[in-house]
Amino acid sequence: MTTAFFSHDDCAKHNMGAEHPECPERLSAIISYLGDTELMGTLDWIKPEEITRDQLLSVHPDRYVQQLDMMQPTHGRIFTDPDTAMMPDTLRAARLAAGANVQAVDMVMSGQVTNAFVCARPPGHHAERSKSMGFCFYNNIALAAMRALNFHGLERVAIVDFDVHQGNGTVDIVQGDERILMCSSFQHPFYPHSHVYRQADNIINTPIEANTSAVEYRKRVEADWLHRLQDFRPQLVLVSAGFDGHRLDPMAELNLEAEDYRWLTDLLTSVAADHANDRLVSTLEGGYHLKGLAESVAAHLEGLASIR
Ligand SMILES: [Zn+2]
């Protein structure tokens, strides 16, 4: 088993302001934590390149891509929604994060690595086809899915989103696309307050009430997802890995800990082992308590790299 770890220093140049929770320190906290673990020598460290314009157009309309290009300021910041700001380094970071997802799919599909984790920002799962929101500009995981389906010719791809917020952007893009099964757990009722009841057959929603215990969370997820994933037989497992369901996270009220993210990872790698020749690509979404985030990502990576 080889696990690729994608990261690029320029993803830390996107900075939405001193008090903003989606901050550059999220990446440095993860990387410095990994430095003290055996993961450091185990992972295959890769520096991504920017996604191409054609690749972006597999998910986002040309008009939207152009609009973002035109909005990016040459100095200072502008807000595209109340939570999401652009500054001169934003789109470079976003294109690197998206590019890493596409390259991760390519490497896993070619067998160069078994699976991959993209440690980049800005995140992507709130970005709809034509709308940036919730700290997101390009939908990284949907771009990964389209690469697998349209370029590599896969017929069935699973997207699993365990961020504490519902991935409204991913739902917007993939609902009704029978080549994709999306399984998603999220605190409910909660941000972004959309796409929960708009049911397409390929979207499995697992809403979780605030303060639900980790034991109950595990039960709900396993009951809702496992048989659907096994029946679907995905040829690739994609993961929107948000760690803001952590007990310590300041943005939400779930009670997960690093060991629960390890449990989730083991569930997903077992599905990938059964149907996808172990192929799995995971991408960082949320997670705002720096220590909780770093410990949870390490637990996730230990699962991907099969370290007990
Ligand atoms: Zn989130």
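In listed order, ligands and their atoms are each counted from 1.
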inquiry  = So, of the N/O/S atoms that Asp163 has, which is the nearest one to the Zn ion (ligand 1)?
reply    = OD1
key: side chain to side chain donor-acceptor pair (under 3.5 Å) partners of Ser7, counting only residues at least two apart   = none
inquiry  = Using a distance threshold of 2.8 Å, state whether an N, O or S atom of His125 lies below it from the Zn ion (ligand 1).
reply    = no
key: the Zn ion (ligand 1) - name of the N/O/S atom of Asp244 that sits closest to it   = OD2
query = With no hydrogens and no angle check, is any side-chain donor or acceptor of Asn15 less than 3.5 Å from a backbone partner on Gly17?
reply = yes
key: Minimum-distance N/O/S atom that His165 presents toward the Zn ion (ligand 1)   = ND1
message = Going by side-chain contact (heavy atoms from CB on, under 4.5 Å), name the residues that satisfy it together with Ala305, two or more places apart in sequence or in a different chain.
response = Thr3, Leu39, Thr42, Ile307
ask   = For the ring pair Phe243 and His289, is the centre-to-centre distance below 6.0 Å?
value = no
